[in-house]
Amino acid sequence: MIREPRISLPRQLLLLLLLVVSGQHALASTLQDALAGALARSQVETDITPGSASRWLSDTPSLTASYIDSQESRGTDEAELIFNLPIKSRGRRRLDKQLSSVATQFETDSNAYRRWVYSGYVRERAWATRLAQARLEAARDRLKMLGALAERSSLLAASGALPVYAGLIVERERLAAELELDARQADFERSRADFSALTGLPDIPRDLSEPTPAPTSLDYASHPALRRLERAREQEAALLALSAPDTASWNLAFVARDFDGPAFDEEQYGLQIEMPLNFLGTQTTANRSQRRSAQREYLLARDELWLELKKQWDMARVEANRLNHREGLLSRAVAVGERIEAHLLALRASTEIDGEILLQRLLDVTDTRSELAINAVLVGRNRARLRQAAGWTI
């Protein structure tokens with residue numbers, strides 16, 4: 001039986017509130033609401049909180065018991081009981097404090113990294129839905145225009161003012177536009193379902209813009225992915241330092257002995273202290289090798305992260321320049337197309353222009369308008385990708 005993940009009461013109330021509000025006022029939601037919903041839906045509560053560490057003990061206390069039975073007639077039987085307490089050295093107590101501080105920072109940076117990752121998921125799915133919506137609207141506009149032309153062509157063909165084949169051409173284009181509309185509708189519904197599965201909201205927010213302007217440079221030092229990597233490295237270095245000889249623990253033992261024999265019967269009690277000579281600076285080959293290997297792996301991971309983030313940033317910048325240039329060209333094309341459209345509509349009642357040419361030119365104008373609208377959505381998605389590459393959360 002598959003168990004549903006437990007959700008703590010505050011998150012459950014937050015998720016319920018998001019679902020109720022989005023169900024009644026879906027268009028009033030924001031990207032912040034979508035991110036909160038995605039984080040709440042993905043959170044699985046597990047009891048991973050460890051118990052508090054001992055301040056003085058470095059390991060579990062142990063008890064050693066021994067009994068020696070003499071085989072001689074006048075021999076002495078011996079019994080010994082030793083209670084061992086591994087005591088943290090000064091260096092180990094210092095590392096424990098460092099580990100506690102690093103663990104807190106690592107948790108903070110991990111949460112920031114998680115928000116950044118889910119910001120990318122929300123941005124991509126929201127803009128994918130908006131792009132599918134823009135293409136759906138373009139298909140609707142094309143079908144609407146072809147529907148009006150098909151109706152007019154049928155009337156002209158019935159009156160003999162237009163050849164029958166011209167009306168059939170328009171009808172063929174209209175049917176093709178209906179098929180395209182069905183495909184775009186399916187794409188839109190699929191994208192919206194993906195967004196809803198991620199965030200719990202039934203639809204994307206009306207406004208997908210973010211209040212801060214798009215970044216102009218990549219601030220690698222403050223990137224959530226790098227900060228998390230550095231904290232993980234600090235934690236690993238502290239853990240490796242704990243196994244170094246210079247942080248070895250002391251051992252305090254309480255000893256009790258009992259001697260039982262014909263000659264004498266004696267009980268002894270005492271203390272035993274094992275103190276490592278840390279000041280000698282002894283190191284082990286294994287520990288030094290582990291430290292060097294961990295440092296190499298960290299530097300390699302940092303370089304790979306930098307190259308990946310730089311690649312994403314450069315690609316987004318190149319795409320931004322291309323889309324801005326394309327927007328200017330499409331704006332000019334739409335302006336020219338609107339002038340052509342006005343002349344075509346004025347001439348379509350006469351015989352000065354062929355019906356097939358009229359159809360193609362009007363389709364070109366409609367498609368250019370749609371491309372301009374779609375390009376505007378691509379520009380918005382590109383700005384969101386720039387924010388994601390720069391490490392900005394929603």
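Model, not experiment: these values are computed from the prediction.
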Exercise for review: Would you check if L131 and R135 make a side-chain contact, meaning some heavy-atom pair closer than 4.5 Å?
Suggested key: yes
Practice item. Start with the C-alpha gap between V122 and S119, add the side-chain angles, then the distance that decides, and say whether side chain to side chain contact (heavy atoms under 4.5 Å, CB included) holds. Key: CA-CA 5 Å; V122 171; S119 291; 5.9 Å; no
Review point. Can you name the nearest heavy-atom pair linking D219 to S222, along with the distance?
Key: OD2-OG, 2.8 Å
Practice item. Kindly compute the distance separating CG (D203) from CZ (R192), expressed to the nearest 0.5 Å. Key: 5.0 Å
Practice item. Ignoring hydrogens and angles, state whether a donor on the side chain of Q185 or E189 is under 3.5 Å from an acceptor on the partner side chain. Key: yes
Check your understanding: Within the distance-only criterion (no hydrogens, no angle test), does the side chain of H223 pair as donor or acceptor with the backbone N or O of A389 below 3.5 angstrom?
Key -> yes
Check your understanding: Is the number of heavy atoms from other residues, nucleotides or ligands under 6.0 Å of F259 CZ greater than 12?
Key -> yes
Revision key, fill the gap. Scanning both residues in full, the closest heavy-atom pair of Y220 with R302 reads OH-O, 2.9 Å
Point to revise | Connected hydrophobic set around F106, excluding itself, where side chains approach under 4.5 Å | key: none
Review point. Could E210 and R383 be called an ion pair, given the rule that one side-chain N must be under 4.0 Å from one carboxylate O?
Key: no
Check your understanding: When rounded to the nearest 0.5 angstrom, what is the spacing between CH2 in W392 and CZ in R123?
Key -> 9.5 Å
Exercise for review: Please examine the side chains of E319 and R385, heavy atoms only from C-beta on, and report whether any two atoms are closer than 4.5 Å.
Suggested key: no
Practice item. Determine whether L299 and L309 fall in the same hydrophobic cluster, where Ile, Leu, Val, Met, Phe, Trp and Tyr are linked whenever their side-chain heavy atoms lie under 4.5 Å apart. Key: yes
Practice item. Answer yes or no: is there a side-chain heavy-atom contact under 4.5 Å between R41 and L198? Key: no
Practice item. Check whether any side-chain heavy atom of N251 sits under 4.5 Å from a side-chain heavy atom of I273, and report yes or no. Key: no
Exercise for review: Mark yes or no for whether N111, through its side chain, and E107, through its backbone, hold a donor-acceptor pair below 3.5 Å.
Suggested key: yes
**Study point:** From L146 atom CG to E180 atom CD, the distance as rounded to the nearest 0.5 Å
**Key:** 11.5 Å
Exercise for review: Name the orientation class of the two ring planes belonging to Y113 and W116 (parallel below 30°, tilted from 30 to 60°, perpendicular beyond 60°).
Suggested key: tilted
Check your understanding: Is the backbone N or O of D364 less than 3.5 Å from a side-chain atom of T368, with the two atoms forming a donor-acceptor pair by type?
Key -> yes
Review point. Ignoring hydrogens and geometry, is there a side-chain-to-backbone donor-acceptor pair from D141 to S370 under 3.5 Å?
Key: no
Exercise for review: Taking T199 for its side chain and A38 for its backbone only, find out whether a donor-acceptor pair lies under 3.5 Å.
Suggested key: no
Review point. Which atom names give the shortest non-hydrogen contact between A390 and L218, and what distance separates them?
Key: CA-CD1, 3.7 Å
Exercise for review: Quick one: do L136 and L181 satisfy side chain to side chain contact (heavy atoms under 4.5 Å, CB included)? Show the steps, please.
Suggested key: CA-CA 7 Å; L136 176 61; L181 179 61; 3.5 Å; yes
**Study point:** Charged N-O contact under 4.0 Å between D109 and R227
**Key:** yes
Review point. With a 4.0 Å cut-off, would you call D96 and K88 a salt bridge?
Key: yes
Practice item. Would you give the length of the straight line joining atom CZ of F188 to atom CZ of R130, rounded to the nearest 0.5 angstrom? Key: 9.0 Å
**Study point:** Donor-acceptor contact present, side-chain R184 to main-chain R140, <3.5 Å
**Key:** no
Review point. OH of Y121 to CG of D194: how many Å apart, nearest 0.5 Å?
Key: 13.5 Å
Exercise for review: Run the numbers on F83 and L81 for side chain to side chain contact (heavy atoms under 4.5 Å, CB included), then give the verdict.
Suggested key: CA-CA 7 Å; F83 181 58; L81 191 66; over 6 Å; no
**Study point:** Beyond-backbone contact of L305 with L229, side-chain heavy atoms, under 4.5 angstrom
**Key:** yes
Review point. Between the side chain of R231 and the main-chain N/O of S110, is any donor-acceptor distance below 3.5 Å?
Key: no
**Study point:** NZ/NE/NH1/NH2 to OD/OE distance under 4.0 Å, D314 and K310
**Key:** yes
**Study point:** Basic-acidic side-chain contact under 4.0 Å: D187, R190
**Key:** yes
Exercise for review: Consider only side-chain heavy atoms of I, L, V, M, F, W and Y, link residues closer than 4.5 Å, and tell whether L372 and L378 are in one cluster.
Suggested key: no
Review point. Are L35 and F195 linked, directly or through other ILVMFWY residues, by side chains that come within less than 4.5 angstrom of each other?
Key: yes
**Study point:** Check ion pair R233-E230 (N to O, under 4.0 angstrom)
**Key:** no
Check your understanding: Looking only at heavy atoms, which two atoms of R115 and T393 are closest? And how far apart?
Key -> C-CG2, 3.9 Å
Practice item. Kindly work out whether a path of hydrophobic side-chain contacts (I/L/V/M/F/W/Y, heavy atoms less than 4.5 Å apart) joins L386 to L307. Key: yes
Practice item. Please answer whether the main-chain N or O of L39 pairs with a side-chain N or O of S42 as donor and acceptor at a distance below 3.5 Å. Key: yes
Check: residues 324-334 side-chain donor-acceptor pairs under 3.5 Å, at least two apart:
{"residue": "N324", "atom": "ND2", "partner": "A320", "partner atom": "O", "Å": "3.1"}
{"residue": "R326", "atom": "NH2", "partner": "E371", "partner atom": "OE1", "Å": "3.3"}
{"residue": "S331", "atom": "OG", "partner": "E327", "partner atom": "O", "Å": "2.8"}

Review point. Backbone N or O of P86 within a donor-acceptor pair of the S249 side chain at under 3.5 Å?
Key: no
Revision key, fill the gap. Quick note, salt bridge (charged side-chain N to carboxylate O under 4.0 Å, His left out) partners involving residues 263-277, not counting sequence neighbours, are none
Practice item. Decide side chain to side chain contact (heavy atoms under 4.5 Å, CB included) for D367 and V365; before the verdict, give the C-alpha distance in whole Å, the side-chain angles of both, and the deciding distance to 0.1 Å. Key: CA-CA 6 Å; D367 292 343; V365 174; over 6 Å; no
**Study point:** pair V255-L271: side-chain heavy atoms closer than 4.5 Å
**Key:** no
**Study point:** Test item: N84 side-chain N/O and L63 main-chain N/O as donor-acceptor pair under 3.5 Å
**Key:** no
Point to revise | K97 and R93, any side-chain heavy atoms less than 4.5 Å apart | key: no
Point to revise | A128 versus S191, closest heavy-atom pair with distance | key: O-OG, 4.0 Å
Check your understanding: Hey, any chance L143 and M145 share a hydrophobic cluster, counting ILVMFWY side chains that come within less than 4.5 Å of each other, even indirectly?
Key -> no
**Study point:** Heavy-atom side-chain proximity of Y298 to S293 below 4.5 angstrom
**Key:** no
Practice item. For residues D33 and S29, report the shortest heavy-atom separation together with the two atoms involved. Key: OD2-CA, 3.5 Å
Review point. Out of curiosity, D69 CG to T76 OG1, how far, rounded to the nearest 0.5 Å?
Key: 11.0 Å
**Study point:** E137/Q133 under side-chain hydrogen bond (donor to acceptor under 3.5 Å, both in side chains): CA gap, chis, key distance, verdict
**Key:** CA-CA 6 Å; E137 291 298 326; Q133 188 177 26; 5.4 Å; no
